[in-house]
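Let me begin by presenting the structure, written as structure tokens, before commenting on it.
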Amino acid sequence: MTVASNVKQCLITLKGIEAQLSSLALNSLDKEAQAVFHETTLTIGGIKKDLQYRVLELERQEPQYKGS
């Protein structure tokens, strides 16, 4: 597996984690738990943005990875 495909797979996994955390925040009855899930979702969102930028950089530097 190439670096680009590993980074893309990590990004896909993070998107799933972000969705699960968001769902937990919405479905939790405990206000403190809701806040923790929400904060964690925001943290994951920041990491996701960084990885999306990295994917773009990889594709720019190595055009053969584009779209794979």
Side-chain angles (χ1 to χ4, degrees):
M1 207 173 220
T2 65
V3 171
S5 58
N6 280 337
V7 173
K8 287 178 181 181
Q9 184 59 49
C10 184
L11 182 57
I12 290 166
T13 301
L14 275 176
K15 286 179 180 181
I17 292 169
E18 183 182 41
Q20 288 175 335
L21 285 168
S22 181
S23 176
L24 287 168
L26 291 172
N27 294 326
S28 179
L29 299 177
D30 181 351
K31 295 292 183 191
E32 186 177 339
Q34 285 177 344
V36 170
F37 289 135
H38 180 70
E39 288 175 34
T40 307
T41 301
L42 295 176
T43 301
I44 293 292
I47 295 168
K48 186 181 76 173
K49 276 187 176 182
D50 290 344
L51 273 179
Q52 287 171 327
Y53 175 76
R54 185 63 186 139
V55 166
L56 292 174
E57 284 295 305
L58 285 168
E59 289 177 346
R60 186 181 62 77
Q61 292 173 2
E62 304 290 341
Q64 71 267 27
Y65 296 139
K66 196 169 202 152
S68 61

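Here the straight-line distance linking atom CD of Q52 with atom NZ of K15 works out to 5.5 Å at 0.5 Å rounding. Rounded to the nearest 0.5 Å, atoms CG (L26) and NE2 (H38) are 10.0 Å apart. A distance of 13.0 Å separates NZ in K49 from CD1 in I47, rounded to the nearest 0.5 Å. The structure places CG of N27 at 9.0 Å from CD of Q34, a figure rounded to the nearest 0.5 Å.
The hydrophobic cluster containing L42 does not contain L24, counting ILVMFWY residues as joined when their side-chain heavy atoms lie under 4.5 angstrom apart, directly or transitively. Residues V3 and L14 fall within the same hydrophobic cluster, defined by Ile, Leu, Val, Met, Phe, Trp and Tyr side chains chained together at heavy-atom separations under 4.5 Å.
Nearest heavy atom pair, residue C10 against residue L51, reads SG-CD1, 3.7 Å. Taking all atoms of both residues into account, the shortest heavy-atom contact from T41 to L21 is OG1-CB, 3.2 Å.
The side chain to side chain contact (heavy atoms under 4.5 Å, CB included) check on E57 picks up Y53, R54, R60, Q61, with sequence neighbours excluded. With sequence neighbours left out, the side-chain hydrogen bond (donor to acceptor under 3.5 Å, both in side chains) criterion links D30 to no other residue. A search for side-chain hydrogen bond (donor to acceptor under 3.5 Å, both in side chains) contacts involving K48 returns E18, not counting sequence neighbours.
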